[in-house]
Protein chains: 2
Amino acid sequence: MTPTFHDRAESLVQRTGARVTRQRIEVLAILLSARRALTHHEVEDRANRSLGIDRVTVYRVLEWLTAHELAHKIAGEDRVWRFNAAGDEGGRSHAHAHFKCNDCGDVICLDEVRAARDIRLPSGYRSQAVELTVKGLCAECVPARKHS
Amino acid sequence: MTPTFHDRAESLVQRTGARVTRQRIEVLAILLSARRALTHHEVEDRANRSLGIDRVTVYRVLEWLTAHELAHKIAGEDRVWRFNAAGDEGGRSHAHAHFKCNDCGDVICLDEVRAARDIRLPSGYRSQAVELTVKGLCAECVPARKHS
DNA sequence: GGCCTTAATGCAACAGAGTTGCGTGCAAGC
DNA sequence: GCTTGCACGCAACTCTGTTGCATTAAGGCC
Ligand SMILES: [Mn+2]
Ligand SMILES: [Mn+2]
Ligand SMILES: [Zn+2]
Ligand SMILES: [Zn+2]
């Protein structure tokens, strides 16, 4: 939400060649400023409170950002999409792994971890992408062990 | 749905020590007879049409089967759970990978494929499970290439 | 077999995430 | 500035799954 994120967002939206709207800039800035993947609800909270952006618009903008590879979305077990601004990898396919905390639900990208691509499939099957998700406890949710 | 599946289902339910109900047997038999993971809707269709089992009961039975490790469930991108009878691996943790067809949505277990467990996480993070999903096209959905 | 206890079922109402339809507004091209 | 059509806002909707509660039936006991 600092000017920096807003400016980066604006230039990224401009680069697509499509319409540069306040809503697209703002939602992308929110994603850029987050260090973890945000649910629609979290984005809406911030976008609606500060700028009155409608929840349906948030859904549509998130989808638009994903389609234009300015963001990517992650399916969770809680049946909620989480969105992350695309990293500096630019538009390249979303090939990295993810971590999801079993306690607080936070999701982060493990940008350096890639899934093996050479997986044996039944005959006739064709692989297009491999998704790897590590589940566990994030640093905040790991119980303290200092005095145990 | 053949007697064999029904009988196997009945003995598996009995083995848990909990109540052996028609609904539990029938739903498990349906899962056992399927070669791919079934959505709640698919199970309900078969269970409701043939035996009039209520949809809420189907939800509860599927959850119960999962809790007792007679089935396991897979989260999909379409916000729909898919259920599979647990393989002969018995109650052992659901450690294998899955394949999901991007075209028809079918999900199958890749029983022999396991995800690497030694993944580097940010400091303080703890891993509890690793999920691996291959996406692509199943044999039925791969476009025919014979005459190309 | 019949009785009792309690877990499981059936039904209706509810909840949350996401979608659709349509009238209005505003970005961008001229 | 004026026009055009994409995007927005709002309301109504769909779909998957959940909860509350009265009723049924599994299984232990005699
Ligand atoms: Mn990611
Ligand atoms: Mn499986
Ligand atoms: Zn956490
Ligand atoms: Zn397929």
Side-chain angles (χ1 to χ4, degrees), chain A residues 9-30 37-68 70-83 105 107, chain B residues 9-30 37-68 70-83 105 107:
Chain A
E10 181 163 13
S11 100
L12 285 165
V13 172
Q14 268 168 352
R15 212 168 299 172
T16 66
R19 286 205 184 165
V20 180
T21 67
R22 184 173 66 81
Q23 290 85 342
R24 287 175 176 172
I25 296 169
E26 194 59 33
V27 169
L28 180 52
I30 287 167
L38 300 182
T39 62
H40 166 271
H41 192 75
E42 292 170 319
V43 174
E44 189 202 335
D45 250 27
R46 308 181 193 195
N48 195 3
R49 244 193 269 287
S50 49
L51 282 151
I53 301 178
D54 185 72
R55 55 184 288 278
V56 175
T57 301
V58 173
Y59 275 113
R60 293 200 263 232
V61 168
L62 288 171
E63 195 179 352
W64 183 88
L65 290 171
T66 303
H68 287 75
L70 297 178
H72 60 258
K73 59 179 179 178
I74 307 149
E77 308 232 333
D78 50 6
R79 315 183 337 120
V80 170
W81 289 106
R82 284 177 172 75
F83 295 83
V107 173
Chain B
E10 182 164 12
S11 100
L12 285 165
V13 173
Q14 269 167 351
R15 211 170 300 172
T16 66
R19 286 199 186 172
V20 180
T21 66
R22 183 173 67 81
Q23 290 85 342
R24 288 175 175 171
I25 296 169
E26 193 59 32
V27 169
L28 180 51
I30 288 167
L38 299 182
T39 62
H40 166 271
H41 192 75
E42 292 170 318
V43 174
E44 189 202 336
D45 251 26
R46 308 182 192 193
N48 195 6
R49 244 193 268 286
S50 50
L51 281 151
I53 300 178
D54 186 71
R55 55 184 289 277
V56 176
T57 300
V58 172
Y59 275 114
R60 293 200 264 233
V61 168
L62 287 171
E63 195 180 351
W64 182 89
L65 290 171
T66 303
H68 287 75
L70 296 178
H72 60 258
K73 59 179 179 179
I74 307 148
E77 311 231 330
D78 50 6
R79 314 184 344 114
V80 170
W81 290 107
R82 284 177 172 75
F83 295 82
V107 173

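In what follows, chains are A, B, ... by sequence order, proteins preceding strands, each numbered from 1. Because the structure is a prediction, the values reported are computed rather than measured.
The closest donor-acceptor contact from the side chain of A:Arg55 to the backbone of A:Asp45 lies at 3.5 Å or more, if one exists at all. With hydrogens and angles disregarded, no donor-acceptor distance shorter than 3.5 Å links the side chain of B:Arg79 to the backbone of A:Ala75. B:Glu26 places no side-chain N or O within donor-acceptor distance of the main-chain N or O of B:Gln23, the cut-off being under 3.5 Å. Of the possible donor and acceptor atoms, none in the side chain of B:Thr57 sits under 3.5 Å from a partner among the backbone N and O of B:Ile53.
Between the CG atom of A:Asp54 and the P atom of C:dG25 there is a distance of 15 Å, rounded to whole Å. When rounded to the nearest whole Å, the span between CZ of A:Arg60 and P of C:dG25 equals 16 Å. For the pair B:Lys73 NZ and D:dT16 P, the computed distance is 16 Å after rounding to whole Å. Atoms CD (B:Glu42) and C1' (D:dG17) sit 16 Å apart, rounded to a whole Å. As a whole-Å value, the separation of A:Arg24 CZ from D:dA7 C1' is 7 Å. The interatomic distance linking A:Trp64 (CH2) with C:dG18 (P) rounds to 20 Å, in whole Å. Rounded to whole Å, atom P of C:dG16 lies 16 Å from atom CZ of A:Arg82. Nucleotide D:dA7 holds its P atom 15 Å from the CG atom of A:Leu62, rounded to whole Å.
Atoms CD1 and CD, on B:Ile30 and B:Glu44 in that order, are 10.5 Å from each other to the nearest 0.5 Å.
Using a 4.0 Å heavy-atom criterion, one finds that A:Val56 contacts the bases of the nucleic acid, with or without backbone contacts as well. At the heavy-atom level, A:His41 lies nowhere under 4.0 Å from the strands shown.
Taking the ring centroids of A:Tyr59 and A:His40, they lie under the 6.0 Å cut-off.
In this structure, A:Ile53 and B:Trp81 both approach DNA chain D, and ranking their closest nucleotides by distance from the 5' end singles out A:Ile53.
Under 4.0 angstrom from either OP1 or OP2 of C:dG18 there lies no side-chain N or O belonging to A:Arg55.
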Note to self: For a quick check, with a 4.0 angstrom heavy-atom cut-off, what is the B/S/- contact string for nucleotides 23-30 of chain D, read 5' to 3'?
What the structure shows: --BBS---
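Counted within 6.0 Å of CD on B:Glu63, heavy atoms from surrounding residues, nucleotides or ligands total 12 or fewer; the atom is thus considered open.
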